[in-house]
Amino acid sequence: MGEFIIKMPDVGEGVAEAEIVEWHVKTGDPVREDMVIAAVMTDKATVEIPSPVNGTVIWLAGEVGDRIAVKAPLVRIETAGDVGEVQPVGISQTPIAETPKAEIAKPAPAAPTPAPAPAPAEKPLAAPSVRLFARESGVDLRQVRATGPAGRILREDIEQFLSQGTAPATAKNGFARKTATEEIKLTGLRRRIAEKMVLSASRIPHITYVEEVDMTALEELRATMNGDRRPGHPKLTVLPFLMRALVKAISEQPDVNATFDDDAGIITRYRAVHVGIATQTPAGLTVPVVRHAEARGIWDCAAEMNRLAEAARSGTATRDELSGSTITISSLGALGGIASTPIINHPEVAIIGVNKIATRPVWDGTQFVPRKMMNLSSSFDHRIIDGWDAANFVQRIRTLIETPALIFIEG
């Protein structure tokens, strides 16, 4: 008998540790080659770690939520062969929504054998995003037939399971009293989001300014442009117009397009406008970045925004596509509510919150007329942006949106 050691891989340049976000095994469990044994995460990226050998787990480094140093032992596996060790190597990273297998150096492989589907008593193999989808769908993964490599369950397997009508029916409890509680440890992306929100709210004195904007003219223009769009052009939402309005407003008030290093006391203003678009994904909130919005037209902004949003939701966005924003837009679409108090994406100094569009009666001087209205809820770092400047910035955006032809006028 021998012992095989798997070490915490290097999951990113300059990263000293990674968080355990999921164990697929426990001490005493048998494992087989290529079976995923753990998922670790850092900086909104998750990497799955497979076993390079067949054997039995005899030791795990910690619990879900624990942070383990790079190159420190992560798992010990008892094998029938000689003692060995897996050295950490470079790993490509993607967001938590989908995660690739970690590339791990291993001894000369034995003759490959077909991997059996997981037995009913064995913990099913699935990516974190697939497990989330199963939980949201009320599906027990042990009942799902796996078609992926090494007996892994894919999202398509769950969808097939649901389409066959084999999901268990939900029990009807009527008005029965419920006394159960559930404790959920904050881990992974949810923990990263919490840490960043606390950092922003505790270190940045926010000022939030809400302004009502008449969207009628822009909505008419948007409908016309969507009706006449060329093949291959994406359907326009409000956001590409807002991005172009931001570019124009920032040219007049460059202090808004900046980051603030409060430890060093340095404000960095950017000529480039890299717009972060807060996007909800199955794993949590991410902020893909439309780079150089100042050099993009309406259609280009829309196409790039759609590409990044899809990449974020599907888990294929890269680290570079999820970082480097200079100002952020937050939108909940139809769920946007009347107003909001968006939290600044630290270390930026401004965030623009988009609320829902609703038809309201508006007094035009002689009578009430129906107009499509929307509130912009925008927050600013009050250390850098005075209230007067914040109001002027939002008012400039309002003017551009209410007279959308101005968005297209250069100079």
Side-chain angles (χ1 to χ4, degrees), residues 6 19-41 46-66 74-79 94 96-102 112-173 178 180-190 281-284 313-315:
I6 299 177
E19 178 186 347
I20 301 171
V21 293
E22 189 171 16
W23 283 117
H24 294 260
V25 296
K26 60 182 181 298
T27 302
D29 281 356
V31 295
R32 59 180 180 273
E33 185 176 354
D34 289 330
M35 175 179 171
V36 176
I37 56 177
V40 300
M41 176 184 179
T46 298
V47 174
E48 288 185 342
I49 300 179
S51 172
V53 295
N54 298 324
T56 302
V57 176
I58 59 174
W59 178 84
L60 300 176
E63 299 178 352
V64 170
D66 290 349
L74 182 65
V75 182
R76 297 179 187 273
I77 299 174
E78 185 177 70
T79 68
T94 61
I96 193 171
E98 286 290 343
T99 53
K101 288 184 180 179
T113 56
E122 181 180 351
K123 183 171 182 178
L125 305 182
S129 61
V130 175
R131 294 183 182 280
L132 176 63
F133 178 62
R135 287 196 298 269
E136 292 175 343
S137 304
V139 173
D140 183 349
L141 286 177
R142 291 172 297 182
Q143 305 301 318
V144 179
R145 180 178 178 274
T147 62
R152 297 178 66 192
I153 297 174
L154 308 177
R155 183 187 178 98
E156 291 79 3
D157 298 332
I158 298 175
E159 292 172 345
Q160 176 65 21
F161 180 79
L162 291 170
S163 68
Q164 294 174 347
T166 50
T170 303
K172 297 182 179 179
N173 295 323
K178 299 178 182 179
T181 61
E182 181 181 9
E183 292 185 356
I184 301 173
K185 190 172 183 178
L186 204 60
T187 62
L189 181 58
R190 191 76 260 163
T281 73
R313 293 189 183 102
S314 64

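This one's a predicted model, so the numbers in the text were calculated from it and none came from an experiment.
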Could you check Trp23 against Val75 for side chain to side chain contact (heavy atoms under 4.5 Å, CB included), going step by step and ending with a plain yes or no? CA-CA 10 Å; Trp23 283 117; Val75 182; 3.6 Å; yes

When rounded to the nearest 0.5 angstrom, what is the spacing between [atom1] in [X] and [atom2] in [Y]?
| X | Y | atom1 | atom2 | answer |
| --- | --- | --- | --- | --- |
| Ile158 | Ser137 | CD1 | OG | 6.5 Å |
| Leu162 | Asp157 | CG | CG | 11.0 Å |
| Leu74 | Ile37 | CG | CD1 | 6.5 Å |
| Arg155 | Ser314 | CZ | OG | 10.5 Å |
| Phe161 | Leu141 | CZ | CG | 9.5 Å |
| Leu154 | Leu125 | CG | CG | 11.0 Å |

Does the side chain of Met35 come within less than 4.5 Å of Val25's, by heavy atoms?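 Yes; the side chains approach each other to less than 4.5 Å.
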
Report yes if the side chains of Ile77 and Ser51 come closer than 4.5 Å at any heavy-atom pair, otherwise no.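 In contact.
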
So which atom in [X] and which in [Y] form the shortest heavy-atom distance, rounded to 0.1 Å?
| X | Y | result |
| --- | --- | --- |
| Val21 | Met41 | CG1-CB, 3.6 Å |
| Ala126 | Val130 | CB-CG1, 3.9 Å |
| Pro52 | Ile6 | CD-CD1, 3.6 Å |
| Ile58 | Glu78 | CG2-CB, 3.7 Å |
| Gly151 | Ala146 | O-CB, 3.4 Å |

Taking only residues two or more places apart in sequence, or in another chain, which ones meet Glu156 in a salt bridge (charged side-chain N to carboxylate O under 4.0 Å, His left out)?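 With neighbours one apart ignored, the set is empty.
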
Show your reasoning for whether side chain to side chain contact (heavy atoms under 4.5 Å, CB included) applies to Glu33 and Val53. CA-CA 4 Å; Glu33 185 176 354; Val53 295; 5.9 Å; no

Qualifying salt bridge (Lys or Arg N to Asp or Glu O under 4.0 Å) pairs with a residue from residues 126-135, counting only residues at least two apart or across chains: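 Pairs touching residues 126-135 that pass the test: Glu22-Arg131.
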
